[in-house]
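The structure appears below as structure tokens.
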Amino acid sequence: MHDARLLLELGDEAVRRLRRRGYELDLAGLEAMSSRRASAIGTVDELRAESKRAAAEVGKAAKAGASSADVAPDLTALKERARELKERIREAEEEVEAAEAALRDLLLVIPNLPSDDAPDGDSEDDAVEVRRVGEPPAFGFTPRDHVELGEAMGILDFGRAAKLSGARFSLARGPGAALERAIATFFLALHTGRHGYTEFSPPYLVSGQTMTGTGQLPKFEEDLFRTGTGDRGLYLIPTAEVPLTALHADEILPAETLPRAYTSWTPCFRSEAGSYGRDTRGILRLHQFSKVELVRICAAEESPRELEVMLGHAEACLQELGLAYRVIRLAAGDMGFNAQLTYDIEVWLPGQDTYREISSCSDCGTFQARRSGIRSKDAHGGRGQVATLNGSGLPIGRSMAAILEQCQSEDGSVTLPEVLAPYAGFRRILADGTTE
RNA sequence: GGAGGAUUGGCCGAGCGGCCUAAGGCGCACGAUUGGAAAUCGUGUUGGGGCAACACCCCUCACGGGUUCGAAUCCCGUAUCCUCCGCCA
């Protein structure tokens with residue numbers, strides 16, 4: 001959420017930057033709502049001050065009345081005046097409430113300002129490639145995709161997943177399930193051990209308030225799974241970013257404890273409304289998948305640097321696995337609601353003969369922190385704004401797909417990256433699903 | 001699900017319907033003292049908002065209502081935590 005005052009200070013600059021992501025800011029409307037709120041608050045404050053004075057007078061008069069009986073009529077008049085004031089305060093408060101609600105409703109749907117580093121455009125075609133790392137493997141045969149490989153080996157079973165839950169679910173079996181666990185554990189060990197992240201095991205069901213704080217609500221309700229009993233409604237997290245970022249909602253963090261680096265391996269639930277027909281094959285786009293997430297909270301001015309650091313941590317996953325990938329910078333109009341700058345990492349998928357998204361690392365600046373009330377305080381009591389960043393480090397399913405496809409042999413076996421063997425307990429999955 | 005108890009500032013902890021502009025302590029910051037430190041002394045220290053303003057004003061004692069001229073204090077509701085019972089992986 002934006003600070004109305006900062007947005008107004010930026011003025012036409014804000015309009016220009018938001019236009020880059022296809023949002024038309026009504027500056028005049030914002031200005032009007034903002035000053036309506038300010039004047040309403042001013043009115044209430046004045047009336048309250050007067051009311052406090054009136055109450056004090058009544059108190060004094062009452063005390064005086066205890067010693068002389070003839071002040072009683074005076075006292076009644078004073079009380080009457082105080083009562084009238086209260087009436088007027090009530091009316092003025094209604095106006096404040098209405099003005100604040102109107103302003104907040106507007107602010108909540110304005111997306112973050114894109115950084116000037118984000119290229120122009122509004123589609124994935126407008127992204128700019130930053131670098132390519134690793135060589136896509138050259139096969140002397142036609143590489144199979146992960147669905148073909150996984151089903152042939154009997155480690156992925158889409159038919160039974162559909163029987164259980166319908167479309168867009170997957171089921172891993174035997175070495176497939178072990179491989180998922182191995183990948184996740186490997187990523188966690190890398191981030192907690194080498195990159196200095198603190199691991200969390202958070203709730204997967206969170207309140208609407210938490211979803212609002214991280215910006216999923218009110219705009220993206222249709223993307224979420226909702227559950228509840230009685231009148232209690234909870235949402236299934238679409239990513240661990242939600243609980244990890246909201247952890248410190250309404251808290252003031254000591255500046256010297258920044259940056260905070262958090263990681264968590266959780267299931268993620270997404271309705272994928274609006275993606276009908278896209279990526280219907282395999283484990284690339286599911287209603288439920290698991291992911292190791294990275295979240296960083298830092299001083300506001302550090303966020304561009306922190307983004308590069310976090311991107312490096314996500315890239316390290318692929319480098320360690322020896323997988324070919326590239327990094328792109330998303331166009332202003334193609335970024336998520338909260339982001340001011342986003343890098344995507346795309347891994348090479350031989351089965352599709354293309355690079356596909358495997359990680360999205362975003363700098364949300366102060367946008368998300370303001371919305372959820374995360375602040376900082378230095379040793380001298382000075383208050384500071386904090387920035388939040390989040391990135392996948394990495395999703396398990398897509399990582400597994402990339403491993404199966406990039407590490408396959410002509411005989412239908414898959415040789416795991418060296419680093420995974422200790423976690424998986426085997427180094428190869430043969431065509432018949434046995435391991436060695 | 002049932003019965004009781006609790007919720008006060010960064011932390012602990014007092015608090016009679018008006019002098020709560022919240023005692024006291026701890027912690028922290030700054031200063032004095034010191035060769036330097038400890039100890040000691042002094043000062044400051046909840047967080048928001050209105051405003052050009054560190055002036056002034058308003059709000060904030062879990063949250064939301066109510067009673068009252070006036071609520072941390074009384075009443076109602078909600079949330080969370082604790083204890084016990086029930087159920088349960």
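Here is how names work: the chains are called A, B, and so on, in the same order as the sequence lines, proteins then strands, and each is numbered from 1.
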* If you measure from the P atom in G18(B) to the same atom in G25(B), how many Å do you get, rounded? -> 24 Å
When rounded to whole Å, the CD to P distance for the pair Gln385(A) and G47(B) reads 16 Å
Any strand, both distances under 3.5 Å, Watson-Crick or G-U wobble: A52(B) pairs with none
Taken to the nearest whole Å, CD/Glu46(A) to P/C56(B) is 17 Å
Exercise. Give a yes/no answer on whether the side chain of Lys52(A) brings an N or O atom under 4.0 Å of OP1 or OP2 in C59(B).
Key: yes
Review point. Mind checking the P distance from G5(B) to U78(B)? Whole angstroms is fine.
Key: 16 Å
message = Say we look at A6(B) and G17(B): how far apart would their C1' atoms be, to the nearest angstrom?
response = 23 Å
Quick one: are Leu349(A) and Asp145(A) in side-chain contact, heavy atoms under 4.5 Å?
-> no
Task: Distance between P atoms of G86(B) and A3(B) (Å, rounded) - done: 15 Å
Review point. Looking at Arg5(A), does any N or O in its side chain come under 4.0 Å of the phosphate oxygens OP1/OP2 on G50(B)?
Key: yes
Using Watson-Crick geometry (N1-N3 plus N6-O4 or O6-N4) or G-U wobble (N1-O2, O6-N3), each under 3.5 Å, C87(B) is paired with none
message = Suppose you measure atom P in A71(B) against the same atom in U80(B); what distance do you get, rounded to whole Å?
response = 28 Å
Using Watson-Crick geometry (N1-N3 plus N6-O4 or O6-N4) or G-U wobble (N1-O2, O6-N3), each under 3.5 Å, C69(B) is paired with G18(B)
Heavy atoms only, 4.0 Å cut-off, all strands: where does Ala54(A) land among base, sugar-phosphate and nothing?
nothing
So, do Pro238(A) and Leu224(A) sit near enough that their side-chain heavy atoms are less than 4.5 Å apart? yes
Taking a pair to mean Watson-Crick or G-U wobble geometry with both distances below 3.5 Å, A79(B) pairs with U7(B)
Considering just the side-chain nitrogens and oxygens of Arg375(A), establish if one lies under 4.0 Å of OP1 or OP2 belonging to G48(B). yes
Pairing partner of G44(B), by Watson-Crick or G-U wobble and under 3.5 Å for both distances, is C28(B)
Here the distance between atom C1' of C51(B) and atom CG of Asp45(A), to the nearest Å, is 10 Å
Note to self: Ring-plane angle category for His195(A) and Tyr197(A), please: parallel below 30°, perpendicular beyond 60°, tilted otherwise.
What the structure shows: perpendicular
Between CG of Leu85(A) and P of C69(B) the distance, given in whole Å, is 13 Å
Looking only at side-chain N and O atoms, does Arg83(A) come under 4.0 Å of OP1 or OP2 in U68(B)?
no
| request: Please measure how far the C1' atom in A22(B) lies from the corresponding atom in A29(B), and state the result in whole Å. | output: 22 Å
- Item | A72(B) and A23(B), which share atom name C1', separated by this distance in whole Å | 14 Å
Between Glu97(A) and Ala82(A), whichever has its closest RNA chain B nucleotide further toward 5' is Glu97(A)
When rounded to whole Å, the CD1 to P distance for the pair Ile89(A) and G70(B) reads 9 Å
When rounded to whole Å, the CZ to P distance for the pair Arg48(A) and U60(B) reads 7 Å
Looking only at U68(B), C58(B), G18(B), the nucleotide nearest the Val58(A) side chain is G18(B)
For the rings on Phe367(A) and Phe337(A), is their centre-to-centre separation under 6.0 Å? yes
Between Glu100(A) and Ser51(A), the residue closer to the 5' end of RNA chain B by nearest nucleotide is Glu100(A)
Arg370(A) atom CZ is separated from G49(B) atom P, nearest whole Å, by 11 Å
Exercise. What nucleic acid atoms does Arg90(A) come within less than 4.0 Å of, heavy atoms only: base, sugar-phosphate, or nothing?
Worked result: sugar-phosphate
For A39(B), the nucleotide meeting Watson-Crick or G-U wobble distances (both under 3.5 Å) is none
For U34(B), the nucleotide meeting Watson-Crick or G-U wobble distances (both under 3.5 Å) is none
Between the side chains of Thr388(A) and Gln368(A), does any donor sit under 3.5 Å from an acceptor?
yes
Decide yes or no on salt bridge (charged side-chain N to carboxylate O under 4.0 Å, His left out) for Glu24(A) and Arg19(A), but give the supporting numbers first.
CA-CA 6 Å; Glu24(A) 203 54 44; Arg19(A) 198 169 281 151; 2.7 Å; yes
If we take the P atom in both C58(B) and G2(B), what is their distance in whole Å? 44 Å
The side-chain hydrogen bond (donor to acceptor under 3.5 Å, both in side chains) partners of Asp120(A) (sequence neighbours excluded) come to Arg20(A)
To the nearest angstrom, the CZ-C1' distance between Arg37(A) and C58(B) comes to 12 Å
